[in-house]
Student: 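What follows is a structure written as structure tokens; I'll ask about it next.
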Amino acid sequence: MRKHADLLEAFSALVMLHSGGMQVERADVLVSEEFVESASLTPEEIYAQVFRTMRPRTPVPLIHVTFRRYANASAKVKLEAGVLEVRIADTLAGAPDGVMEALAEILLSKLFRRPVPAHSNERYRRYLNRRDVRRNLDLVRQIRGRKQVEEPQGACYNLNQIFEELNFHYFHGLMARPILGWSPNASRTMLGHYDPSHNAIVLSRILDRPQAPRVAVEYVLFHEMLHLRYPAEHRGARRCVHTKAFKNAEKHFERLTEAREALRQL
Ligand SMILES: [Zn+2]
């Protein structure tokens, strides 16, 4: 094993931008502008683009971006052995491309010891100050602080793995992965829930045991993924969670009868 400590010291930059201490002032016009942007680039493509702009004569290194379960909206970058390693809080996974680009500009500026462009700082901070983003970060912090959601890797099943399989099979691999985790308590009444304000799917710990067949876990997770795909409809004061489109989509689950039977047995 090589010792990375020195390299790390020399080449790493750490940005911790908490939403808490910042100004609350914001413009709603900017919010809608950011909402219409679509995520057309992968995070790796965004970093490659920013790298090329900052270092036009340096070949773009291998870029690896991962989203981690940090409690805060933090991000780290390091360049080591020709690989640019970027780690970003998973709470930022849904940020629009423009915000991701601003974050890339901030991180790479720090890495190359250059002044951070004011517009990048502005853009990133403005995003963190958005009411919905702040709320989401607060809730994630609360939840993780109180440990109401535990890691996706359970004793029997890995929710990230099952999510990716279902995503590939039923959603053309296009669904952005929310925060996934097991509940600390083995609830029988609530087998799973999707919380849009946390962008989190939590499954009851009761499903993470050998008596629970995998198909049952798959079905509950699939159901919660459909909540992501088909958001609740609001008609006046009424709120419909399982819309007609939702119910039709749910019928596509291939082992529906078997899964429902397994859940009854639990
Ligand atoms: Zn439901």
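Note that ligands are numbered from 1 as they come in the structure, with each ligand's atoms numbered from 1 the same way. Just so you know, these numbers use all the heavy atoms, side chains as well, and skip hydrogens, waters and symmetry mates.
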Student: Is the charged tip of Arg55 near the ring of Phe112: under 6.0 Å from the six-membered ring centre and within 45° of its axis?
Tutor: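 Checked: cation-pi criterion met.
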Student: Please work out whether the ring planes of His223 and Phe246 are parallel, tilted or perpendicular, with thresholds of 30° and 60°.
Tutor: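 Ring orientation of His223 relative to Phe246: perpendicular.
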Student: Which residues satisfy the salt bridge (Lys or Arg N to Asp or Glu O under 4.0 Å) test with Glu258, sequence neighbours excluded?
Tutor: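 Per chain and number, Glu258 pairs via salt bridge (Lys or Arg N to Asp or Glu O under 4.0 Å) with Arg255.
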Student: Could you tell me whether Glu105 and Arg123 make a salt bridge, using a distance below 4.0 angstrom between a side-chain N and a carboxylate O?
Tutor: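 Arg123 and Glu105: not salt-bridged.
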Student: Inspect the surroundings of NE2 in His242 and state if more than 12 heavy atoms from other residues, nucleotides or ligands are less than 6.0 Å away.
Tutor: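 Yes, NE2 of His242 has more than 12 neighbouring heavy atoms, counting only those of other groups under 6.0 Å.
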Student: Tell me which one of Asn121, Leu111, Val77, Val50 satisfies side chain to side chain contact (heavy atoms under 4.5 Å, CB included) with Ile106.
Tutor: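 When side chain to side chain contact (heavy atoms under 4.5 Å, CB included) is applied between Ile106 and each of Asn121, Leu111, Val77, Val50, only Asn121 qualifies.
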Student: Take the Zn ion (ligand 1) and tell me which protein N, O or S atoms are nearer than 2.8 Å.
Tutor: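 The answer, once waters are left aside, is His223 NE2, His227 NE2, His242 NE2.
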